[in-house]
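Beneath this line is the structure, given in structure tokens, with notes to follow.
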Amino acid sequence: MAIAVAVLYLRFFNAGAGLKQMTPLDIIVNFLLSAILSDFILDRHIGILDFVVVVVIYGILLYTLNKITFNTNLGRRIFIGTPRIIIQGGEIDAEMMERMKISAHDLALALRRQQVKSIKDVEMAQIEPNGDLTIVKKGAKKYSVIVIDNGDIDDMALAKIHRSEAWLRRELKKKKIKDIDEILIAQWHNDRLQIVKKKDAV
């Protein structure tokens with residue numbers, strides 16, 4: 001019975017986890033769920049109703065925190081983090097490397113793993129929130145940058161493409177979009193702003 005309840009918890013409260021980065025909160029709450037399940041199995045004094053109530057409470061907590069995490073800019077910054085650019089236009093951001101405790105040796109090793117021979121060959125390199133290094137070589141096909149995600153403006157993404165929020169709002173005004181909440185995704189790709197509205201998404 002306990003296993004069935006835990007499976008239902010993962011099915012309904014943690015749906016879509018395969019497409020999302022696991023946050024520290026996911027790890028903590030899932031660890032606590034495992035502890036509760038172990039206590040229920042080993043301790044005969046804990047009733048099934050008590051177990052179900054606790055699982056539902058933790059499920060609602062995880063669901064709420066994930067909503068905040070993945071649907072708001074502030075939530076993503078607090079619970080996941082944001083990509084950090086360490087190379088731009090072949091130039092290293094030494095201050096960012098120092099802040100992230102990355103040595104020149106670590107960077108050189110990461111570049112060699114991606115078949116990059118020289119820093120000057122790199123248009124952009126950034127550390128993702130999960131610790132991976134993303135590299136765009138000079139002359140490579142331009143990558144897209146999401147500047148609005150589910151109605152939230154990403155200031156760091158705008159800085160990455162050397163644009164401001166005022167510019168973005170002017171572009172939206174040209175497209176006769178008054179409310180940013182109407183937008184599911186807006187991305188900058190090939191020097192164009194591409195927009196998908198929530199009502200148009202299938």
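Just so it is clear, the model here is predicted, and its values are computed rather than measured. Numbers here simply count residues along the sequence, with the first being 1.
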Open item on the list: To the nearest 0.5 Å, what is the distance between CE on M100 and CG on L107?
Closed with: 11.5 Å
Task: Flag, side chain of D93 to backbone of M96, donor-acceptor distance under 3.5 Å - done: yes
Task: Residue pair V147 / Q187, side-chain heavy-atom distance below 4.5 Å - done: no
TODO: Kindly compute the distance separating NZ (K160) from CG (D154), expressed to the nearest 0.5 Å.
DONE: 7.5 Å
Task: Any donor-acceptor N/O pair, R163 side chain to I161 backbone, under 3.5 Å - done: yes
Task: Heavy-atom check, side chain of L168 versus side chain of I148, under 4.5 Å - done: yes
Open item on the list: side chain to side chain contact (heavy atoms under 4.5 Å, CB included) for E182 and I177? Distances and angles first, verdict last.
Closed with: CA-CA 8 Å; E182 297 177 25; I177 298 175; 4.1 Å; yes
TODO: Given side-chain hydrogen bond (donor to acceptor under 3.5 Å, both in side chains), test S103 with D106 step by step and report yes or no.
DONE: CA-CA 5 Å; S103 68; D106 294 332; 3.0 Å; yes
Open item on the list: Could you report the tightest heavy-atom contact between Q114 and L133, atom names first, then the distance?
Closed with: NE2-O, 2.8 Å
Task: Heavy-atom pair with the smallest gap, counting every atom of L158 and W167 - done: CD2-CZ3, 4.2 Å
- [ ] Would you give the length of the straight line joining atom NZ of K198 to atom CD1 of I185, rounded to the nearest 0.5 angstrom?
- [x] 11.0 Å
Open item on the list: With a 3.5 Å distance limit and no angle check, can you tell me whether K173 reaches the backbone of K178 through a side-chain donor-acceptor pair?
Closed with: no
- [ ] Run the numbers on D121 and L111 for side chain to side chain contact (heavy atoms under 4.5 Å, CB included), then give the verdict.
- [x] CA-CA 10 Å; D121 296 332; L111 292 175; over 6 Å; no
Task: Inter-residue atom distance L109.CG - I102.CD1, 0.5 Å rounding - done: 12.0 Å
- [ ] Go through M124 and I135 one step at a time and tell me if the side chain to side chain contact (heavy atoms under 4.5 Å, CB included) criterion holds.
- [x] CA-CA 6 Å; M124 189 279 298; I135 294 175; over 6 Å; no
Open item on the list: Would a single hydrophobic cluster contain both V145 and L172, if residues Ile, Leu, Val, Met, Phe, Trp and Tyr are joined by side-chain heavy-atom contacts under 4.5 Å?
Closed with: yes
Task: Pairwise distance CD1(I183) to CG(N150) - rounded to 0.5 angstrom - done: 10.5 Å
Task: Cluster overlap W188 with I153, hydrophobic side-chain contacts below 4.5 Å - done: yes
Open item on the list: Let's go through R170 and E165 carefully: what are the C-alpha distance in whole Å and the side-chain angles of both, what is the deciding distance for salt bridge (charged side-chain N to carboxylate O under 4.0 Å, His left out) to 0.1 Å, and is it a yes or a no?
Closed with: CA-CA 9 Å; R170 285 196 301 270; E165 182 176 333; over 6 Å; no
- [ ] Begin with the C-alpha distance, continue with both residues' side-chain angles, and end with the deciding distance and a verdict on side chain to side chain contact (heavy atoms under 4.5 Å, CB included) for I127 and I85.
- [x] CA-CA 6 Å; I127 304 295; I85 296 175; over 6 Å; no
TODO: Supply the atom-to-atom distance I119 CD1 to I92 CD1, rounded to the nearest 0.5 angstrom.
DONE: 3.0 Å
Task: Qualifying residues under side-chain contact (heavy atoms from CB on, under 4.5 Å), relative to E128, sequence neighbours excluded - done: P83, Q126, N130, D132, T134
- [ ] Check side chain to side chain donor-acceptor pair (under 3.5 Å) between R99 and all other residues, then give those that pass, not counting sequence neighbours.
- [x] E95
Task: Donor-acceptor contact below 3.5 Å, side chain D149 vs main chain D152 - done: no
Task: Where G151 and D181 come nearest, the two heavy atoms and their spacing - done: O-OD1, 3.8 Å
Open item on the list: Could you report the tightest heavy-atom contact between K138 and G89, atom names first, then the distance?
Closed with: NZ-O, 3.9 Å
Open item on the list: Between E171 and R192, does any side-chain N to carboxylate O distance fall below 4.0 Å?
Closed with: no
